[in-house]
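What follows is a set of notes on a single structure, which appears directly below.
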Amino acid sequence: MRAVPQGLARSRREGYPLAVRIASFNVNSIRAREQAVLDWVRGAQPDILCLQETKVEDDDFPTDEFLRLGYAVAMAGQPAYNGVAIAARGKIQDVCVGLVGDPPNADRRCIAATVDGLRVFSVYVPNGKSVGSPSFVEKLAFLERLRRTLDERESPDRELVVCGDFNVAADERDVYDPEAYRGQLHFHPDEHRALRGVLDFGLVDVFRHFHPEAGAFSWWDYRALAFAKNQGLRIDYAFVTRPLLSRCTGAFIDVGPRRLEKPSDHAPVVVDVA
DNA sequence: ATGGTAGTCGAACTA
């Protein structure tokens, strides 16, 4: 009997490339959400899970709990704010924290790693606070540095997935009320330009590739009964290079966790690869 | 309703 994590046996198909389920989940505190996230992992069985807004220093991350489920974890955390991680059933290699051109002591908003030959990014783009604010300028600069990081370190000709909370709704279909949001935070032309800059590296929005219809959201404000009224935005994405897109078999947003008591304000995005 | 709720940290900040 070999000591192999359960998931690997499930993912490997003899004579075929690895079948992989990749997920991205802004958990809004991994400590507040620990049981909800672990329960979701047990049910959805992702092979690779990108986490955002873990809001915890690395020593306090529930690493052992993930290990018990068969996942290794690479993390880049800080106290109280931000924090990203990648949990995976496979071996996690070549971990890289931050972006090319980051200022010293930058917020922990990006971690990259290689899992079974697949390059994975978990990204938490700054919210931006309000259009034109210093934080908004930093949001645009972050997206530019992400593009620069991809240019300098990765290739659109190789299999790569960039997962995360981008805090930008890509087009009208991603906003419950596009006319009310036009020009506002999350739906501003400057944000769209910056997001397009990232995608122009050679990335495709996998969920949108499989679901062209409007009205699928990944985030709902905690306030004003936004979830009950389905007043949401789609701001969480899995972007993949063309070589990886050709192996993708489907994608979905799992609203289940958003219905629970004390949920994250985001729902996980899931991508399946043959 | 320039409000509303949630998380961190123990007042105010971020989202």
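Computed from a predicted structure; not experimentally measured. Naming: A, B, ... by sequence-line order, numbering from 1 per chain.
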Find every protein N or O atom lying less than 3.5 Å from an N or O atom of nucleotides 1-5 of chain B, and list the pairs.
residue : atom : partner : partner atom : Å
B/dG4   : O6   : A/R223  : NH1          : 3.2

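For the pair A/R109 and B/dA15, the criterion of a side-chain N or O lying under 4.0 Å from OP1 or OP2 is met. A sub-4.0 Å separation between OP1 or OP2 of B/dT14 and a side-chain N or O of A/K129 is present.
Counting to the nearest Å, the C1' atom of B/dT14 and the CG atom of A/L185 are 12 Å from each other. A straight line from CG of A/D165 to C1' of B/dG7 spans 15 Å, rounded to a whole angstrom. In this entry the distance linking CD of A/Q184 with P of B/dA15 reads 18 Å, nearest Å. If you measure from atom CD of A/Q52 to atom C1' of B/dA15, you get 14 Å, rounded to the nearest angstrom. Protein atom CG of A/L260 is 14 Å distant from nucleotide atom P of B/dA6, rounded to whole Å. For the pair A/D107 CG and B/dC13 C1', the computed distance is 13 Å after rounding to whole Å. Spacing between atom CH2 of A/W219 and atom P of B/dA6 amounts to 13 Å, rounded to whole angstrom units. Put simply, CZ on A/F61 is 17 Å from C1' on B/dT8, counting in whole angstrom units.
Partners of A/F252 under the ring-ring contact (aromatic ring centres under 6.0 Å, His included) rule, at least two apart in sequence or in another chain, do not exist in this structure. A/R68 meets the salt bridge (charged side-chain N to carboxylate O under 4.0 Å, His left out) test with no other residue; sequence neighbours excluded. Scanning for salt bridge (charged side-chain N to carboxylate O under 4.0 Å, His left out) contacts around A/R223 gives A/D221, with sequence neighbours left out. Under the salt bridge (charged side-chain N to carboxylate O under 4.0 Å, His left out) criterion, A/R158 pairs with no residue, sequence neighbours left out.
Applying the 6.0 Å contact sphere to CZ of A/R242 captures no more than 12 heavy atoms from other residues, nucleotides or ligands.
Separating the C1' atom of B/dA6 from that of B/dG10 is a span of 16 Å, rounded to the nearest Å. Rounded to whole Å, the separation between the P atoms of B/dA12 and B/dT2 comes to 23 Å. Rounded to whole Å, the separation between the C1' atoms of B/dA1 and B/dC13 comes to 22 Å.
Pairs of residues two or more places apart, or lying in two chains, that qualify as salt bridge (charged side-chain N to carboxylate O under 4.0 Å, His left out) and include a residue from residues 128-139 of chain A are A/E138-A/R145, A/K139-A/E191.
With DNA chain B read from its 5' end, the first of the two nearest nucleotides for A/D265 and A/K55 is the one closest to A/K55. In terms of position along DNA chain B, the nucleotide closest to A/R31 lies nearer the 5' end than the nucleotide closest to the other residue of the pair A/N167 and A/R31.
A tilted orientation is assigned to the rings of A/W219 and A/H266, their planes being inclined by 30° to 60°.
Checking side-chain atoms of A/T54 against main-chain N and O of A/I30 turns up no donor-acceptor pair under 3.5 Å.
Picking from B/dG7, B/dA15, B/dT8 the nucleotide with the shortest atom distance to the side chain of A/N28 gives B/dG7. Closest to the side chain of A/Y81, from the set B/dC13, B/dA6, B/dT8, is B/dC13.
Within 4.0 Å of A/F227, counting heavy atoms only, lies no atom of the nucleic acid at all.
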